[in-house]
Amino acid sequence: MSTLLIIEQVLNGLQFGVMLFLMAAGLTLIFGVMGLINLAHGSLYMIGAFAAAAVAGATGSFVLALGAALAVAAIAGALIEMTVIRRLYGKAHLDQVLATFALILIFSEGTRWLFGSFPLFLDISDYLSGPVTLPGGIQYPLYRLTLIAVGLLVGLGLWLLIERTRIGIQIRAGENDREMIAALGVDIRLLYTLVFAIGAALAGLAGALVGAIQSVQVGMGEPVLILAFVVIVIGGIGSIKGAFIGALLVGLTDTLGGIFLPELFKLFMEPGAATQTGSALASMAIYILMSLVLIWRPTGLFGARA
Amino acid sequence: MIPERLVNWVVFAGLLAVPLWAIVVDEPFTITLVTRAVILAIAAVGLNIALGIGGLVSLGHAVFFGLGGYAMGILAYHAQTYTSLDLFGMSLAGTKSMPIIWLVAVVMSALAAWIIGLLSLRTSGVYFIMITLAFGQMFYYFAISWSTYGGEDGLSIYVRNGFPGLNTLVPIQFFGLCFVLLCIVLFLNARLQNAPFGLALNAARQVPTRVETVGLNPMRLKLVAFVISGAITGLAGALFADLNRFVSPTMFSWQLSGELIVLIIIGGVGRLYGPVVGACLFVALEHWLGALTEFWHIYLGLILLAIVLFARGGIIGLLTGKEGAHV
């Protein structure tokens with residue numbers, strides 16, 4: 001096993017982790033501020049991807065497509081917040097799970113009705129495709145490298161927004177005491193809609209960015225949603241820092257496990273059985289990681305409250 | 001408003017009457033449809049013990065459903081491949097026998113529920129929902145990558161497993177078998193609800209601290225409930241696999257876990273017949289709306305949304321004018 005391969009896989013893991021972070025950040029923000037568990041977050045990811053694919057198909061511009069993904073997902077998020085989600089704050093988790101499950105059904109079938117069951121493809125602009133040579137002579141796709149950069153920038157932006165701006169102060173205050181900040185004259189309903197739209201926009205962006213390396217299809221959101229749940233459970237629900245570290249852990253474990261576990265088992269098993277056992281174990285690796293974290297710390301790595 | 005007892009009797013009579021009517025007018029497919037509803041009802045009755053009485057929102061009950069399914073699939077697959085070597089046809093009654101398969105399914109899912117429960121019950125609230133969801137995914141991906149038993153394609157069992165004295169391939173006989181099991185499970189559920197254990201569990205859902213101060217361990221109550229719940233859902237999984245004569249990783253999928261909760265909510269949480277009403281309505285919707293439009297899930301979603309937002313007690317709650325248990 002060469003060092004080149006290892007570095008390449010680590011980069012792949014980082015890229016995967018950073019995209020998971022975009023999803024997980026929105027989920028954890030929405031849970032932290034509004035106490036809402038949102039299963040429909042995967043649908044917003046799908047909506048972003050479809051909006052991007054439709055705009056890219058019509059205009060041919062990848063940048064416009066990304067803009068459309070952000071805008072459409074944010075608008076869809078704001079709309080469902082105002083019509084459905086708003087009624088769920090303070091209700092039992094079971095109600096939230098069911099209502100957002102219902103939203104998944106509606107969005108998935110609605111998208112299938114609009115776009116059909118066949119996957120769409122989203123092409124990357126020429127200036128982002130092709131490989132680059134990294135120091136040490138590693139050839140790596142420029143697009144994946146861009147994804148890592150975009151993810152890190154968005155993470156930084158989110159941190160600045162929450163720690164350094166007035167809105168961020170209001171969001172943090174809303175997490176701690178919603179009555180108090182409402183009494184201080186902050187429009188809490190508007191703030192909640194805004195937080196939900198930000199989370200939705202991040203999910204839509206992730207969908208569009210990942211949609212360009214995979215295919216855009218109905219049901220693409222749910223596997224990512226569940227991984228994002230694993231991420232925020234590991235990181236501690238409500239913590240953006242936890243979501244970031246959890247996302248990188250999950251991304252790296254999943255990518256590296258898929259490559260290295262079968263190799264590891266080959267050391268002491270015959271190749272056929274080793275590949276089988278290794279890949280079976282690799283597909284379960286992140287869930288095993290999550291169980292271990294929860295046994296050690298039942299509220300996740302950075303979770304303050306249950 | 002209609003008394004709940006009357007609603008229960010009407011549902012019970014309806015479940016028996018529809019297949020009998022289907023025999024008269026010779027529509028075997030209707031019997032299969034009702035059988036499907038009965039099996040889903042068994043699974044949901046199982047989940048209702050954890051969810052409705054114990055307040056454990058498990059989004060991973062597909063694990064037990066799938067384990068039951070694979071218990072049937074694996075046992076029957078071995079019998080099937082063994083007999084393919086045997087010139088005298090299906091002579092291996094041992095592993096094609098339903099009672100043995102049910103026993104294995106129940107024991108395996110109870111064991112899994114015990115382990116998953118031990119780990120998951122350390123957490124509560126949203127963490128519990130998510131960790132059960134993650135366990136479901138773990139089994140799902142394991143089933144996909146386990147190519148010995150079909151991997152992603154699943155396993156086909158060509159002949160339905162047998163039950164002593166019955167021809168299970170006749171739809172009405174298989175229906176009868178499932179219906180009797182549903183009655184047993186409902187009876188157990190009713191007994192459990194009124195037994196000291198059920199009352200303590202109910203209390204542990206509402207005020208765990210008080211339960212603790214009278215010297216009971218809420219964790220243990222919930223764990224036992226989770227194990228019973230998993231075992232019943234596992235039994236339903238084995239029956240479901242036998243109904244379709246097919247097992248695949250979709251039995252482990254999280255959509256299935258979600259649908260089981262949906263069944264309970266449509267019918268009414270924590271009510272004895274809630275899961276039964278929910279399962280019947282779900283299968284009926286699936287059949288009728290599915291025939292009308294390919295996109296029937298949109299309507300299911302809208303109905304579900306309406307029930308969650310406006311009719312907390314589900315259908316039984318609407319009929320009897322009482323809200324259900326608070327979870």
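So that the names make sense, note that chain A is the first sequence line, chain B the second, and so on, each numbered from 1.
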Checking heavy atoms, do the side chain of B:F135, its backbone, both or neither come under 4.5 Å from chain A? side chain
Interface moiety of B:L309 toward chain A, non-hydrogen atoms closer than 4.5 Å: both
Mind telling me whether B:W254 and A:F101 have parallel, tilted or perpendicular rings, with 30° and 60° as the class edges? perpendicular
Taking side chain as everything from C-beta outward and backbone as N, CA, C, O, which of these in B:L133 sits under 4.5 Å from a heavy atom of chain A? Side chain, backbone, both or neither. side chain
Distance, nearest 0.5 Å, that separates CZ of A:R112 from NE2 of B:H297: 9.0 Å
When you measure from the side chain of B:Y127 to the backbone N and O of A:T299, does any donor-acceptor pair fall under 3.5 Å? yes
Which residue in the set B:I265, B:V57, B:I266 passes side-chain contact (heavy atoms from CB on, under 4.5 Å) when paired with A:L98? B:I265
Proximal component of A:L88, with respect to chain B [non-hydrogen, under 4.5 Å]: side chain
Proximity breakdown for B:L302 and chain A, heavy-atom pairs closer than 4.5 Å: both
When every non-hydrogen atom of B:T123 is compared with those of A:P298, the smallest separation belongs to CG2-O, 3.7 Å
Yes or no on side chain to side chain contact (heavy atoms under 4.5 Å, CB included) for B:M130 and A:I226, after CA distance, side-chain angles and deciding distance? CA-CA 8 Å; B:M130 291 184 188; A:I226 292 169; over 6 Å; no
Among the options A:A99, A:G35, A:P223, A:S108, pick out the one with the most heavy-atom pairs lying under 4.5 Å from chain B. A:A99
List the atom of B:M138, the atom of A:Y287, and the distance in Å for their closest heavy-atom pair. SD-CB, 3.4 Å
Heavy atoms only: give me the nearest B:G301-A:A102 pair and the separation to one decimal. O-CB, 3.3 Å
Heavy-atom cut-off 4.5 Å, strictly under: side chain, backbone, both or neither for B:I129 against chain A? side chain
Which of the residues B:I307, B:L300, B:I298 is involved in the greatest number of heavy-atom pairs with chain A at under 4.5 angstrom? B:I298
Which region of A:L294, side chain (C-beta onward) or backbone (N, CA, C, O), has a non-hydrogen atom less than 4.5 Å from a non-hydrogen atom of chain B, or is it both or neither? both
For atom CE of A:M284, is the number of surrounding heavy atoms from other residues, nucleotides or ligands below 6.0 Å larger than 12? yes
Would you mind checking which part of A:I104 comes under 4.5 Å of any heavy atom in chain B, side chain (CB onward), backbone (N, CA, C, O), both or neither? side chain
